[in-house]
2 protein chains.
Amino acid sequence: MKKELRVKRNEIPNLTTRRLSIYLRCLQILEADGVETISSQEMAERFHLNSAQFRKDLAYFGEFGVRGLGYPVLDLKNHLIGILGLDRSIRMAIMGAGNLGTALAGYGGFNTDSLKVTAIFDADPDKVGRLMRPGLRISHVSELIPFMRENPVQIAVLAVPAKVAQEVLEQVAAAGIKSVLNFVPVRLKVPAGVRMQSVDLKVQVESLAFHLPREEESGEAPPTTTL
Amino acid sequence: MKKELRVKRNEIPNLTTRRLSIYLRCLQILEADGVETISSQEMAERFHLNSAQFRKDLAYFGEFGVRGLGYPVLDLKNHLIGILGLDRSIRMAIMGAGNLGTALAGYGGFNTDSLKVTAIFDADPDKVGRLMRPGLRISHVSELIPFMRENPVQIAVLAVPAKVAQEVLEQVAAAGIKSVLNFVPVRLKVPAGVRMQSVDLKVQVESLAFHLPREEESGEAPPTTTL
DNA sequence: TACTGTGAAATCTTTCACAGCA
DNA sequence: TGCTGTGAAAGATTTCACAGTA
């Protein structure tokens with residue numbers, strides 16, 4: 001009784017979604033290592049995961065395992081690619097050609113088989129026209145809407161200065177981009193119909209700072225790990 | 001009855017910790033705007049937060065508000081700085097002077113009053129010695145331990161190639177660094193006594209991909225926002 | 001009066017533990 | 001036998017709603 005997707009897509013826990021992407025990465029490693037079948041237990045040991053969680057996460061989408069044996073690596077990998085929607089080409093535009101925007105445009109994880117950075121925009125006329133790498137020239141933000149008509153992108157990456165972030169987010173939404181990965185450390189009002197994920201590097205560091213040992217304290221605080 | 005910290009530090013929910021850092025940022029904006037007092041309700045409206053959550057998050061640490069009035073902005077800001085431990089200097093080392101490492105070394109959020117990037121390491125002899133900016137020269141990884149004796153850092157940022165990530169993480173731990181912000185998209189075994197936060201950019205994008213509309217589907221999926 | 005601080009309820013997520021199948 | 005798939009329990013987090021107070 002192998003069904004694809006047993007509950008509505010938006011009922012899948014957010015954290016499950018993220019783990020799928022991690023599982024996919026692990027399976028790709030196993031595939032490269034020539035492993036054909038793996039049990040949830042072995043998977044957990046090898047990649048520091050939780051075996052029950054692994055099984056339950058997958059169970060939202062169907063029955064991919066074989067009782068008594070485990071999961072067929074190649075098959076499960078392909079299923080995950082389908083579930084995540086990585087079986088087609090996903091194009092991304094980077095908004096902001098600063099330090100971070102430039103690094104992200106060249107980031108390996110954003111330039112894979114399915115994911116592609118196909119555009120980068122900036123407001124600075126000095127930067128516009130510059131070639132980031134063969135085939136990737138910096139365009140002016142005002143060209144976003146005409147660009148989208150020729151070469152639609154599905155995801156925008158926000159890496160602009162804080163002052164203009166809200167404005168650029170609205171332009172992105174107006175251009176019809178529905179998914180945004182935001183790196184700007186500012187509270188944004190998300191336009192209706194847009195899905196936004198924020199990566200806040202300063203928050204990450206400050207939450208590490210919170211747990212740093214302090215002079216006034218004694219006693220050990222047992223550290224833990226996230227993600 | 002104003003106590004600082006009513007429960008043990010490691011009993012504070014992880015998500016609360018992160019929000020503290022966001023609250024601090026909001027308060028800094030309010031301070032710059034000359035706002036002296038703010039209610040949890042106003043706070044929520046202005047920054048798209050949840051007012052009950054704001055109150056409850058703060059309640060882990062003491063009573064900072066005035067009933068009938070709200071919270072004194074300056075005072076609460078200073079409390080949060082103390083709670084997060086940003087009232088002292090926190091030094092960070094970037095491991096890996098590639099694309100991302102270089103961008104992070106120059107990232108504004110990592111170079112503030114309290115946070116400072118004071119070192120950057122790489123294994124490539126061609127990069128070693130290069131000056132990233134005045135006062136920040138790329139060192140060879142093998143110099144990490146002697147460097148730590150002279151200029152201890154509290155946080156390491158892992159931005160090295162996946163193949164060497166585990167090895168570098170262990171070197172970092174051996175050098176006595178207890179907090180790691182990891183950008184490498186790989187499952188790492190975290191050495192005992194080390195706290196690690198991972199930022200996985202590919203996972204972020206793929207979880208957006210998961211929710212992208214598909215050809216085979218009809219019907220609207222109402223999008224939402226994280227963080 | 002207009003707010004905070006907070007128990008209690010609701011919701012969400014993880015983990016347990018085992019029935020059932022290859 | 002050795003595993004998966006999954007209800008049910010436990011645990012964590014958010015939200016409600018209101019007593020209490022400046």
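Proteins come first, then strands; the chains are lettered A, B, ... in the order of their sequence lines, and each starts at number 1.
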Base of D:dT21 paired with side chain of B:Arg67 (donor-acceptor, under 3.5 Å): no
In terms of relative ring orientation, are B:Phe210 and A:Phe61 parallel, tilted or perpendicular, with 30° and 60° separating the classes? perpendicular
With respect to the phosphate group of C:dT14, does any side-chain polar atom (N or O) of A:Arg19 fall under 4.0 Å of OP1 or OP2? yes
Report yes if a side-chain nitrogen or oxygen of B:Asn50 is closer than 4.0 Å to either non-bridging phosphate oxygen (OP1 or OP2) of D:dT15; otherwise report no. yes
Atom-to-atom span, CG of A:Leu69 to C1' of D:dG5 - whole angstrom: 15 Å
Taking CG from A:Asn14 and P from D:dT14, how many angstroms apart are they, rounded to a whole number? 13 Å
State whether the side chain of B:Glu167 and the backbone N or O of B:Val164 hold a donor-acceptor pair below 3.5 Å, judged by distance alone. no
So which one's nearest nucleotide on DNA chain C is more toward 5', B:Ala52 or A:Lys56? B:Ala52
Give a yes or no answer on whether the side chain of B:Thr102 reaches the backbone of B:Ala97 with a donor-acceptor pair at less than 3.5 Å. yes
Side chains of B:Asp33 and B:Arg46 in contact at under 4.5 Å (non-hydrogen atoms): yes
Using a 4.0 Å heavy-atom cut-off across all strands, classify A:Thr16 as base, sugar-phosphate, or nothing. nothing
Write down the atom of A:Leu76, the atom of A:Tyr71, and the distance for their closest heavy-atom approach. CD2-CB, 3.9 Å
Where the side chain of A:Ala59 is defined as all heavy atoms beyond and including C-beta, which of C:dT4, D:dG2, D:dT6 is the nearest nucleotide? D:dT6
Find the distance A:Arg55:CZ to C:dC21:P and express it as a whole number of Å. 17 Å
With heavy atoms under 4.0 Å as the rule, sort A:Leu15 into base, sugar-phosphate or nothing. sugar-phosphate
If I take atom CD in residue A:Glu42 and atom P in nucleotide D:dC3, what distance separates them, rounded to the nearest angstrom? 7 Å
Residue-phosphate contact under 4.0 Å: B:Tyr71 side-chain N/O, C:dG5 OP1/OP2: yes
Rounded to whole Å, CD1 of B:Ile12 lies from P of D:dA12 at a distance of 14 Å
Please give, in whole Å, the distance from C:dC3 C1' to B:Leu58 CG? 14 Å
For the side chain of A:Ser40, counting heavy atoms from C-beta on, which of D:dT4, C:dG5, D:dT14 is nearest? D:dT4
What is the separation between atom CD on B:Glu11 and atom P on D:dA12, rounded to the nearest whole Å? 10 Å
To the side chain of B:Glu63, which of C:dT6, D:dT4, C:dC3 is closest? C:dT6
B:Gln53 CD - C:dT11 C1' separation (whole Å): 13 Å
